[in-house]
Number of protein chains: 2
Amino acid sequence: MTPRNPRRPAPPEDCPLDACLKFLSSAWTTRIVWFLGMGPRRFGDLRRDLGGISTKVLSDRLRSMEKKSMIVRRALPTTPTQVEYSLTPLGREFEPVITAMTKLGDKLRDEHGVR
Amino acid sequence: MTPRNPRRPAPPEDCPLDACLKFLSSAWTTRIVWFLGMGPRRFGDLRRDLGGISTKVLSDRLRSMEKKSMIVRRALPTTPTQVEYSLTPLGREFEPVITAMTKLGDKLRDEHGVR
DNA sequence: CTGTATCCTTTTAGATACTG
DNA sequence: CAGTATCTAAAAGGATACAG
């Protein structure tokens, strides 16, 4: 949730999830589902999407989500290596929750002044 | 989420939130909203609802939620003191999210074998 | 580009004992 | 009944450096 860790960087302006995550914790996992919901993305894409997450933490989260079968990792036979992550069917099950959180995030900002 | 902390006690059987919380973290706050959504409850009620949370942690969570205006604390003029907690309008805003998580929790258990 | 390895800080949680 | 006080541990996050 909120500044559980004051060092967490500010999320991108256009992600309405944030106001909600100020109350319902563990930001990164839900944010990753949110961005992967827009389609497969590469490691570096996610880094930019998430606005400041360290490679260490992103890697930790992705491994954890992979282990839980929420996402799949696919390494492309390119040089240098490119890796694409995408939601599994199980991962997509979380989208209604993400949607509800997103809507709430908007509402909290609009009607309750949560920034 | 899941056994982030292996010492976290198992939640009550009839709380479908758990399978979902195995993926989307910080259990206690969302669970408290879930139970308070059923009406005002006392400290001891919540302790039982939450199945094994320590008084210290419950107290911590309630103070935190109070500070964020998600709940209100009302001390009754009885002896011994009784204290009733309830959701504020802001706290009630979270119910759609809780509902979505609850539905997902059921689905994860029924269709994906998440326990 | 996609990570892993270290090292360190903050948050959450748990056990236990004790109090008005 | 409803907490507070300690002390400890685990999880998550962050900074930075380095590697295939």
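Here the structure is a predicted model, which is why all the values come from computation and not from measurement. Just so we're on the same page: letters track the sequence lines, and every chain starts at 1.
- Between A/Ile98 and A/Thr30, the closest heavy-atom pair is CD1-O, 3.6 Å.
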Under-3.5 Å N/O pairs linking protein and nucleotides 3-6 of chain D:
| from | atom 1 | to | atom 2 | distance (Å) |
| --- | --- | --- | --- | --- |
| D/dG3 | OP1 | B/Arg63 | NH2 | 3.2 |
| D/dG3 | OP1 | B/Arg73 | NE | 3.3 |
| D/dG3 | OP1 | B/Arg73 | NH2 | 2.8 |
| D/dG3 | OP2 | B/Tyr85 | OH | 2.6 |
| D/dT4 | OP2 | B/Ser59 | OG | 2.3 |
| D/dT4 | O4 | B/Thr55 | OG1 | 2.8 |

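- Under a 3.5 Å cut-off, the side chain of B/Arg31 and the backbone N or O of B/Leu50 do not form any donor-acceptor pair.
- The residues A/Asp110 and A/Lys107 are annotated as not salt-bridged, no charged nitrogen and carboxylate oxygen being separated by less than 4.0 angstrom.
- Enclosure of atom CZ in A/Arg74 is not indicated, since only 12 or fewer non-hydrogen atoms of other residues, nucleotides or ligands lie within 6.0 angstrom.
- Residue B/Arg47 places none of its side-chain N or O atoms closer than 4.0 Å to OP1 or OP2 of D/dA2.
- Here the P atom of nucleotide D/dG14 and the CG atom of A/Leu58 are 11 Å apart, to the nearest Å.
- DNA chain D is contacted by both A/Thr81 and A/Ser54; A/Ser54 maps to the nucleotide lying nearer its 5′ end (nearest heavy atom per residue).
- Protein atom CG of A/Asp45 is 12 Å distant from nucleotide atom C1' of C/dT2, rounded to whole Å.
- Atom CE of A/Met65 is separated from atom C1' of D/dG13 by 16 Å (rounded to the nearest Å).
- A/Trp28 has no side-chain polar atom (N or O) that falls below the 4.0 Å cut-off from OP1 or OP2 of D/dA12.
- With rounding to whole Å, B/Leu76 atom CG is found 13 Å from D/dC1 atom P.
- Here the closest non-hydrogen pair linking A/Thr29 and A/Met70 is CG2-CE, 4.2 Å.
- Side chain of B/Gln82, nearest nucleotide from C/dA13, D/dC1, D/dG14: D/dC1.
- One atom, CZ of B/Arg31, and another, P of C/dT12, lie 15 Å apart when rounded to the nearest Å.
- Side-chain polar atoms of B/Lys68 and B/Ser64 form a donor-acceptor pair below 3.5 angstrom.
- Note on A/Arg42: only backbone sugar-phosphate atoms sit closer than 4.0 angstrom, heavy atoms only; bases stay farther off.
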